[in-house]
Amino acid sequence: MDNRSIAQLLEETADLLEIDGADSFRIRSYRRAAESIQSTTISLSDIAHDARQLQEIPAIGKSMASNIEALEDTGTFSPRKELLEKYGATILELLKLPGMGPKTIALLWDSLHIASVQDLETAIKAGKLDNLPRFGPKHIENLKKAIEDYRQHTGRFLLNVADAEAEAFSAYLRRLDGLKQITVAGSWRRGRETVGDLDILISGPACEEDNAAATAKYVAAYPAIASVLAHGQNKVSFRLRSNLQVDVRLLPESSYGAALQYFTGSKSHNVTLRQRALKKGYTLSEYALARVKDGSVVAARTEEEIYSALGLDWIPPHLRENLGEIEAAAKHTLPHLIELKDIHGDVHAHTTATDGRCSIREMAEAALARGYQYMAITDHSKNLAMTNGLDARRARAHLKRIRKVDEEMEGRIRVFTGIEVDILAGGELDLPDDVLAEMDIVIGAVHTLFNQPRKQMTDRILRAMENPYLRILAHPTGRLLLRREPLDFDLPAVLDRAAELGVAVEQNSSPERLDLGDVNLRLAHEKGCKIVINTDAHHTTHYDNIQYGIRQLRRAWLTRKDVLNTLPAKKFLAALRPKP
DNA sequence: GCCGTTTTCGGCCCGACTGTTTTCAGTCG
């Protein structure tokens, strides 16, 4: 079993323990173990039977080591098994509903034996919750909304999960001889912020007539498969243990491009493309672009040939949503989309001073290793108590430490000072101006803690932006992908004002946030907002998440000049809202 | 349940806000 799966099972066990009302420190130790496993490079499978080696990994002690051994041998371990027998696996989905915590779930289970979102929905409709303590009309209304949101997202997966699965499976495929091309198509290739399933296209000698059956058999023997859904000559579908569905198509090399184009989509892009083909006397299918009159093939081997035969420049998959890209490709006016290498700095990061995992120096070295010219340390302010947020005194002391590291780096990378301040319910920032004045980067964060009615929420953010030290607005929609819809406030009004004031809005690249997402990025760009892309790194490895944010920038048609941190250090600081 | 040490057990994560309350439990970051 791979580390990610082990970590996930421990995480789930922590959730179950919470519902069961277990000791909070015991729960935390499960979560810490899960985190630790996810960030170690040691493969736990390899050492699952060596308790001593296991216990060398931080947060793993005697019990956790034996849990991991049992997991490797039997696929489960006893605390988890017992809890699942008691509550059932579906109870965990209740935790995904905003406002639903372990105590509420325990209450619902004890009083009504509610063990799934479906149960909860039925109980609400039957009015069974009305007499429960702490279930007023507003609470129930919120739950209904939460269920609705949940249903919209259910069955979709975050990009990092899909990426990891795609990479692991591709590695398995690469071990087979005779495969020339392996491509993940579908919404994954288009860079959608979540994916429903993976469409994987393969071709090469191994996919030709005589070998196809053996290749399909090899595919269906992939160890991480939970169940095979279909197993034919040219297509194998299966569900992974993570519940992600994968469709693998074996294709002849001669029509690989046509299939790639077809299965990349989007549907709407393809429809428009087929109409265009017809006008030229062609018909476009997953097999080829062919002449209508005699069926002779015009292009099929590569995407470039197909687009070219239709009088179009090749269109990057990120743009294939029928939002004007076909017209632009015809006029040769497709934008030169921003790329990973254009980004020169990441100015939102945390350290062990609050809830980060690494030191200032470690974060700086990691940013340098990525080739960045600058970065910033922006730990939390005191209001986020759980993170050990900084008060004025600690913030000043931290500032000195950041400056010291900046000196130590000797110009190899600039380390900016900064802070992520909380916006209080009244719109004020939770640190005094004289402290903020000392910071290079002041990020005002819209945290959901203060979820208020629409008008108040909007006013609160607008007021916060009036503080002249606030330079970047973070979590500008407050959403958490697959878990919570955006906060309810007037985003267009906020973006208008941000553009006027020169407050930059942040595209957070964390795979579970992608705060603005492609749609709102487009909106921010139209309104003339300054845009900054950051990772909100809590660990050196989180800098890698920048790729997820970049995909959304590309989907929003953004180029290098549209994003502030493509600038060199000095110009970047100068491009931010000027300090008073 | 882990860790660190005081080698046998105590410490580990806190405060604002909502929706229900009439003084507070539960969620969230």
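So that the names make sense, note that chain A is the first sequence line, chain B the second, and so on, each numbered from 1.
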For nucleotides 23-25 of chain B, list the nitrogen or oxygen atoms of the protein found under 3.5 Å from its nitrogen or oxygen atoms, one pair per line.
| unit_1 | atom_1 | unit_2 | atom_2 | d |
| --- | --- | --- | --- | --- |
| B/dA25 | N3 | A/R134 | NH2 | 3.3 |

Between B/dA16 (C1') and A/D422 (CG): distance, integer Å: 9 Å
Same-atom distance (P) from B/dA25 to B/dT21, integer angstrom: 13 Å
Validation row: A/L84, A/T76 side chains within 4.5 angstrom (heavy atoms): no
Side chain A/Q552, main chain A/G191, donor-acceptor under 3.5 Å: yes
Atom pair distance, as rounded to whole Å: CG in A/D355 and C1' in B/dC14: 13 Å
Taking every non-hydrogen atom, the tightest pair across A/R479 and A/D515: NE-O, 3.1 Å
Interatomic distance at P, B/dT20 relative to B/dG15, whole Å: 26 Å
First encountered from the 5' end of DNA chain B, between A/I27 and A/G426: A/I27
Donor-acceptor under 3.5 Å (A/T417 side chain, A/L399 main chain): no
Closest non-hydrogen atom pair, A/H350 against A/T354: ND1-OG1, 3.9 Å
N/O donor-acceptor pair, side chain A/R28 with base B/dC13, under 3.5 angstrom: yes
A/S509 side chain vs A/N534 backbone, donor-acceptor pair below 3.5 Å: yes
Rounded distance (Å) that lies between atom P of B/dG1 and atom CG of A/L54: 16 Å
Write out a two-atom table: protein N or O, nucleotide N or O from nucleotides 3-11 of chain B, distance below 3.5 Å.
| unit_1 | atom_1 | unit_2 | atom_2 | d |
| --- | --- | --- | --- | --- |
| B/dC3 | OP1 | A/A59 | N | 2.7 |

Any donor-acceptor N/O pair, A/D391 side chain to A/R394 backbone, under 3.5 Å: yes
A/L132 CG to B/dG19 P, straight-line distance once rounded to whole Å: 18 Å
P gap between B/dC17 and B/dC13, integer Å: 23 Å
Nearest-Å distance for atom pair CZ/P, residues A/R26 and B/dG1: 4 Å
Rounded P spacing from B/dA16 to B/dG11 in Å: 25 Å
Integer-rounded Å distance: B/dT18 C1' and A/K145 NZ: 16 Å
What does the list of N/O pairs under 3.5 Å between the protein and nucleotides 27-29 of chain B look like, with a distance for each?
| unit_1 | atom_1 | unit_2 | atom_2 | d |
| --- | --- | --- | --- | --- |
| B/dT27 | OP1 | A/G101 | N | 2.7 |
| B/dT27 | OP1 | A/G101 | O | 3.0 |
| B/dT27 | OP1 | A/T104 | N | 3.0 |
| B/dT27 | OP1 | A/T104 | OG1 | 2.4 |
| B/dT27 | OP2 | A/K103 | N | 3.3 |
| B/dC28 | OP1 | A/G99 | N | 2.7 |
| B/dG29 | OP1 | A/T448 | OG1 | 3.0 |
| B/dG29 | OP1 | A/R484 | NH1 | 2.3 |
| B/dG29 | OP1 | A/R484 | NH2 | 3.1 |

Minimum side-chain heavy-atom gap A/E72-A/S45 below 4.5 Å: yes
Closest-nucleotide ordering on DNA chain B, the 5'-leading residue of A/P79 and A/P133: A/P79
Protein-nucleotide distance (A/L390, atom CG; B/dG15, atom P), rounded to Å: 15 Å
Sugar-phosphate, base or nothing in reach of A/P137, heavy atoms under 4.0 Å: sugar-phosphate
No-hydrogen, no-angle side-chain donor-acceptor test under 3.5 Å, A/H525 and A/R522: no
Rounded distance in Å between the C1' positions of B/dT8 and B/dC3: 13 Å
Sole candidate of A/L516, A/I533, A/D518 that passes side chain to side chain contact (heavy atoms under 4.5 Å, CB included) when paired with A/L553: A/I533
Sugar-phosphate, base or nothing in reach of A/A33, heavy atoms under 4.0 Å: nothing
Nearest atoms (heavy-atom pairs only) where A/I441 meets A/A376: CG1-CB, 3.9 Å
Watson-Crick or G-U wobble mate for B/dT27, both contacts under 3.5 Å: B/dA16
Candidates B/dG19, B/dC12, B/dC2 - which lies nearest the side chain of A/S63: B/dC2
A/N142 side chain near B/dG19 phosphate (N/O to OP1/OP2, under 4.0 Å): yes
Considering all heavy atoms, the nearest A/L368-A/I413 contact: N-CD1, 3.6 Å
Distance-minimising heavy-atom pair for A/N467 and A/Y469: OD1-N, 2.8 Å
Distance in angstrom units between A/L16 CG and B/dG1 P, rounded: 14 Å
